[in-house]
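Here's the structure, in structure tokens; my notes come after.
Atom set for the values below is all heavy atoms of this structure, side chains included, hydrogens, waters and symmetry mates excluded. Within every chain, numbering begins at 1; the chains are lettered A, B, ... in the order of the sequence lines, protein sequences first and strands thereafter.
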Amino acid sequence: MPTDYAAERRAAAGGGDRDFIRTIIDEDLEMGRHDGRVVTRFPPEPNGYLHIGHAKSIVLNFGLAEEYADRADTTCRLRFDDTNPHAESEEYARAIEEAVRWLGYAPDEVRHASDYFEQFYEYANVLIRKDKAYVDSQSDEEIRANRGTVTEPGTPSPYRDRSVEENMDLFERMKAGEFADGEHVLRAKIDMASPHMIMRDPLLFRIRHAEHYRRGDEWCIYPMYDFAHCLEDAIEDVTHSLCTLEFDNNRRVYDWVLDHCLPDEEQPQRPYQFEFNRLNLGYTVMSKRKLRQLVEDDVVSGWDDPRLPTLAGLRRRGVPPSAIRRFCRDVGISRTQGRVEISHFEHAIRDDLNYKAPRVMAVLDPLEVTVTNWPDGETERLEMPNFPPEERDALRDELNDNERAEKLLGSREVPFSRTLFIERDDFRKDPPEGYHRLAPGREVRLRYGYFFTCEEVVTDDNGDVTEIRGTIDRDTRGGEAPAGGRSPRGTIHWVSAEHALPVEARLYDRLFEHPAPDAGDEDFAEHLNPDSLVTRRGFVEPSVASDPPQQRYQFERQGYFWQDPDERRKARQREQAKAAERDPTAGFDEEQQARFHRYRRELELDAGDAATLAESAELASFFETAGTSSGAPQAAANWVVNELLRELKDTALADLPFDAKDVGRLAALDDRDEVSSRAAKKIFSEMLATGADPDQIVEKRNLRQVSDAEKLRPVAREVVEAHPDEAARYRDGKEGLIGFFMGQLMQETRGKADPELARALLREELAASPEQETD
RNA sequence: UGCUCCGUAGCUCAAUCGGCAGAGCACUGGUUUCUGGUACCAGGGGUUCCAGGUUCGAAUCCUGGCGGAGCAGCCA
């Protein structure tokens with residue numbers, strides 16, 4: 001066993017047009033190491049938001065699994081490194097997984113380090129039995145003081161020579177919760193005089209009486225990174241454990257722990273750690289702390305501010321995931337740390353959008369133009385291609401006969417009329433040398449419109465231009481040069497004043513003026529770019545009104561734009577707030593008020609639901625009977641409000657073929673998950689038709705929910721195999737198709753399947769490659 | 001100052017056993033173009049951090065120095 005295997009492999013991995021990690025993997029495959037497997041993982045701690053730097057790691061790890069799939073048995077997992085109960089949360093975990101999927105990667109599996117706590121405990125006992133670990137009872141100050149400094153060795157703990165038996169006993173009692181936080185820790189017994197600070201008896205376990213977001217209060221001892229991470233990799237059969245350069249020193253502990261925890265027969269298959277350079281982008285900051293400061297100081301609007309390098313921010317800015325993937329592959333990996341110019345990233349984004357975003361005309365700083373030889377009130381619709389010819393050709397290859405192609409390759413109609421807006425900057429009273437746009441007496445091409453000549457300039461008292469007047473040449477319709485062949489040098493964009501849609505355009509620029517805002521110490525905020533967000537009010541051609549909200553555009557000659565999804569979210573929230581402001585109990589008498597407040601207080605019902613139920617005495621008593629008989633008033637309320645009420649539009653409560661107790665029984669079935677919600681709706685409609693008892697319907701129709709993975713898996717597989725085209729598109733990233741498969745599966749099981757389980761099984765079946773399925 | 005890692009074009013990286021220092025991006029110029037965009041072509045740009053050594057020959061190996069980064073959390 002070489003003392004530093006990874007360093008030796010690195011040194012040997014010279015040459016080729018590939019980076020050092022790919023070179024090492026190539027060689028491992030050639031040598032038949034790891035049985036031809038390449039297993040990687042992306043291991044974030046769910047304690048914050050992901051940024052472009054994480055994207056580099058994601059693209060590397062998941063990219064390797066994709067790249068080597070034809071030569072090796074590849075796996076890449078998403079693993080949450082959730083070993084510290086402080087600061088970790090389900091919310092972060094969800095956001096991280098969503099970001100990974102948004103980036104275009106479907107993890108082969110999602111795992112949690114917190115599921116391995118039992119195994120970490122066992123491995124710790126292995127170390128204790130080998131006298132390679134001990135319980136230290138020094139205070140944290142003492143431990144720090146005795147660790148020594150970079151120049152002086154540390155001094156061994158007085159507890160270092162406790163017997164194996166005493167250590168076993170103490171450690172077990174640590175786990176049992178007999179001690180307070182900080183009273184004891186478990187440490188590896190390595191070398192207090194090691195020149196590597198990290199090897200001076202690193203801590204393995206600490207006591208933390210804290211609520212873990214997944215394990216609750218099951219555990220009160222938690223493993224440290226250096227102990228847990230390598231074991232997580234080993235448990236998951238990771239072959240190449242990739243991390244950033246700052247973990248270089250930690251590799252010594254990584255190897256030490258695995259050397260001493262794993263039995264001899266597992267040693268040949270054990271994972272090794274390799275470090276690569278993290279991404280540093282110019283003109284921005286990347287550390288969690290600095291990003292948080294920007295958010296908390298309201299310098300930006302939130303974690304998803306489009307100027308931030310967070311994945312959430314880039315997503316909101318409209319950056320396609322493909323551009324991020326391309327960029328991450330472009331910068332590559334090495335072991336030399338440096339700073340990537342932001343222009344590199346910006347280029348990758350423009351390059352991607354160039355052939356994805358249809359062209360559209362928008363004027364962001366409007367100047368009025370009157371076409372004096374165009375009749376007032378006349379509107380002409382001019383046809384314009386959505387893409388210039390070169391991009392159309394590129395698109396044709398990209399899209400083939402895809403339905404989107406029609407729209408993207410096609411054209412649209414844009415209205416032309418007597419009054420137009422052009423960009424204020426596209427006109428100069430006194431044009432400088434080399435300026436070939438509009439000026440007094442000059443002719444320009446109105447893109448895809450007509451040639452226009454400026455004949456008159458209207459100014460206000462300050463001498464500012466308020467209007468341009470002039471004429472168009474009817475022979476240049478569509479912007480085509482007439483037979484004579486004259487062609488103006490300038491082409492400018494325009495919109496018809498009467499038809500254009502008003503827009504607020506936000507022009508985002510880099511957040512900082514300094515190429516390395518975080519290079520100095522604390523005052524990175526001093527380098528903020530005051531013009532990082534400029535808002536303009538202008539007009540866009542009306543064709544965009546019918547587009548889907550996620551459509552990206554290139555505003556001709558200006559840049560790329562899309563609808564800010566946050567605006568749509570805010571609009572929804574405003575609607576909801578308005579609805580909430582309306583007092584649902586307006587006009588209620590005392591009796592109704594009393595019922596309303598009782599439902600709110602005792603049953604914690606939603607205000608709207610409570611008001612609906614409380615309003616009518618008849619409905620209220622029906623609901624209360626149903627609620628009491630079901631033992632699940634919440635569920636009963638949902639049924640009465642959402643389903644029953646619809647029926648009551650044309651049937652009186654008294655005319656229903658069933659009574660409140662039946663509804664209560666149905667709510668109970670639903671609430672206890674004995675039937676799926678889909679099946680429950682079926683039962684309800686049968687109750688409406690026949691008045692039959694819900695429990696009898698369940699028995700007769702055999703509607704009990706199927707929550708057995710063994711029974712559901714074959715159905716899931718069948719559904720996937722029966723639709724290979726959809727499955728292929730799903731694997732290509734069209735994850736929305738999961739809904740299609742759910743529909744198919746529900747039809748197969750007549751709505752009986754436990755939806756959560758079914759979805760999980762479908763994802764697994766879909767993730768399996770077609771080759772594996774035929775095996 | 002101890003240990004670890006890293007210094008090649010403005011930036012990111014190549015350079016096969018030690019054998020003519022290259023590519024992409026950026027920049028400049030040209031061509032095409034109904035976007036001053038895109039695309040295509042060409043060009044400029046190098047003390048391979050420095051000094052010594054080994055060698056016929058060093059970016060590569062050795063020694064010393066300089067510079068940058070990381071490590072002394074019961075964070076990851």
Side-chain angles (χ1 to χ4, degrees), chain A residues 4 7 10 14-19 43-45 47-48 81-84 86-88 136 139-140 143-144 147-154 181-182 184-187 194-200 202-208 222 224-226 228-229 243-252 275 277-280 282 288 330-345 347-348 350-351 354-355 359 361 384-385 387-391 393-394 434-437 444-449 451 476 478-481 487-493 515 554-559:
Chain A
D4 197 339
R10 257 186 351 255
D17 56 347
R18 303 165 70 72
D19 57 68
E45 182 187 16
N47 71 343
D81 210 353
D82 49 0
T83 56
N84 180 3
H86 299 329
E88 292 167 2
D136 193 355
S139 69
D140 57 344
I143 290 178
R144 222 185 343 268
R147 187 148 28 217
T149 67
V150 289
T151 46
E152 312 148 31
D181 288 11
H184 306 283
V185 292
L186 186 73
R187 297 180 74 174
S194 170
H196 298 104
M197 295 294 292
I198 194 104
M199 294 294 267
R200 321 245 258 230
L203 272 63
L204 267 24
F205 264 94
R206 77 284 213 186
I207 299 172
R208 282 258 230 259
Y222 291 90
M224 302 290 293
Y225 168 86
D226 280 314
H229 201 91
C243 62
T244 44
L245 245 21
E246 66 269 24
F247 290 95
D248 191 298
N249 287 300
N250 300 72
R251 189 178 64 246
R252 274 89 199 164
E275 312 86 23
N277 57 342
R278 72 158 60 229
L279 175 66
N280 290 310
K288 240 170 232 176
D330 277 1
V331 298
I333 52 157
S334 71
R335 289 178 64 80
T336 78
Q337 74 281 65
R339 192 169 286 276
V340 179
E341 287 184 8
I342 189 97
S343 59
H344 201 335
F345 183 43
H347 175 268
R350 281 196 303 271
D351 207 43
N354 183 38
Y355 70 92
R359 312 291 124 116
M361 292 202 290
M384 302 187 186
F387 279 92
E390 318 88 64
E391 279 81 6
D393 293 341
Y435 185 87
H436 45 257
R437 284 167 282 167
V444 289
R445 188 195 318 262
L446 297 175
R447 189 151 162 91
Y448 300 124
F451 290 4
T476 58
E480 304 283 354
S487 180
R489 277 278 271 158
T491 298
I492 66 173
H493 58 274
Q554 184 192 109
F555 287 0
E556 296 239 17
R557 306 207 297 134
Q558 317 229 53

Provide the distance between the two [atom1] atoms, one in [N] and one in [M], to the nearest whole Å.
N	M	atom1	answer
B:rA39	B:rG46	C1'	30 Å
B:rG19	B:rA26	P	32 Å
B:rG22	B:rA9	C1'	10 Å

Identify whether the glycosidic angle of B:rG73 places it syn (within 90° of 0) or anti. syn

Salt bridge (charged side-chain N to carboxylate O under 4.0 Å, His left out) involving [X] - partner list, sequence neighbours excluded:
X	value
A:Asp82	none
A:Arg335	A:Asp248, A:Glu275
A:Arg557	A:Asp426

Figure out the [atom1]/[atom2] separation between [X] and [N], and round it to whole Å.
X	N	atom1	atom2	result
A:Gln337	B:rG68	CD	P	11 Å
A:Met361	B:rG37	CE	C1'	15 Å
A:Phe387	B:rA39	CZ	C1'	15 Å
A:Asn277	B:rG70	CG	P	14 Å
A:Arg445	B:rU33	CZ	C1'	10 Å
A:His196	B:rC3	NE2	C1'	5 Å
A:Asp248	B:rG2	CG	C1'	15 Å

Side chain to side chain donor-acceptor pair (under 3.5 Å) involving [X] - partner list, sequence neighbours excluded:
X	answer
A:Glu45	A:Asn47
A:Glu480	none
A:Asp330	A:Arg326

Mind checking ring pair (Phe, Tyr, Trp, His ring centres under 6.0 Å) for A:His493 and listing every partner two or more places apart, or none if nothing turns up? none

So, using ring pair (Phe, Tyr, Trp, His ring centres under 6.0 Å) as the criterion, who are the partners of A:His196 when residues are at least two apart? none

Pick the closest RNA chain B nucleotide for A:Arg251 and for A:His436 by heavy atoms, then say which residue is nearer the 5' end. A:Arg251

Are any protein N/O atoms closer than 3.5 Å to N/O atoms in nucleotides 72-76 of chain B? If there are, list each pair with its distance.
residue : atom : partner  : partner atom : Å
B:rC74  : OP2  : A:Arg147 : NH2          : 3.2
B:rC74  : N4   : A:Asp140 : N            : 3.3
B:rC74  : N4   : A:Gly182 : O            : 3.2
B:rC75  : OP1  : A:Arg208 : NH1          : 3.3
B:rC75  : OP1  : A:Arg208 : NH2          : 3.4
B:rC75  : OP2  : A:Arg206 : NE           : 3.3
B:rC75  : OP2  : A:Arg206 : NH2          : 2.8
B:rC75  : OP2  : A:Arg208 : NH1          : 3.1
B:rC75  : OP2  : A:Arg208 : NH2          : 2.1
B:rC75  : O3'  : A:Arg206 : NH2          : 3.3
B:rC75  : O2'  : A:Asn84  : ND2          : 3.2
B:rA76  : OP1  : A:Thr83  : OG1          : 3.0
B:rA76  : OP1  : A:Arg206 : NH2          : 3.1
B:rA76  : OP2  : A:Tyr225 : N            : 3.0
B:rA76  : O3'  : A:Asp81  : OD2          : 2.9

Contact string for nucleotides 24-31 of chain B, one letter per nucleotide 5' to 3', B = base within protein heavy-atom range under 4.0 Å, S = sugar-phosphate only, - = neither, reads -SS-----

Is the side chain of A:Arg445 donor-acceptor paired with the backbone N or O of A:Gly479 at a distance under 3.5 Å, no angle test? yes

Give me, pair by pair, the N or O atoms of the protein and of nucleotides 44-46 of chain B that are less than 3.5 Å apart, along with how far apart they are.
none

Looking at the side chain of A:Val340, which of B:rU12, B:rG70, B:rG36 is the nearest nucleotide? B:rU12

Donor-acceptor pair under 3.5 Å: do we get one between A:Gln558's side chain and the base of B:rU35? no

So what does A:Tyr222 hit on the nucleic acid, given a heavy-atom distance under 4.0 Å: a base, only sugar-phosphate, or nothing? nothing

At under 4.0 Å between heavy atoms, what does A:Tyr435 touch on the DNA or RNA strands: base, sugar-phosphate, or nothing? base

Strictly below 4.0 Å: does A:Thr336 bring a side-chain N or O up to OP1 or OP2 of B:rC5? no

How would you list, by chain and number, every residue that makes a side chain to side chain contact (heavy atoms under 4.5 Å, CB included) with A:Pro153, sequence neighbours excluded? A:Ala193

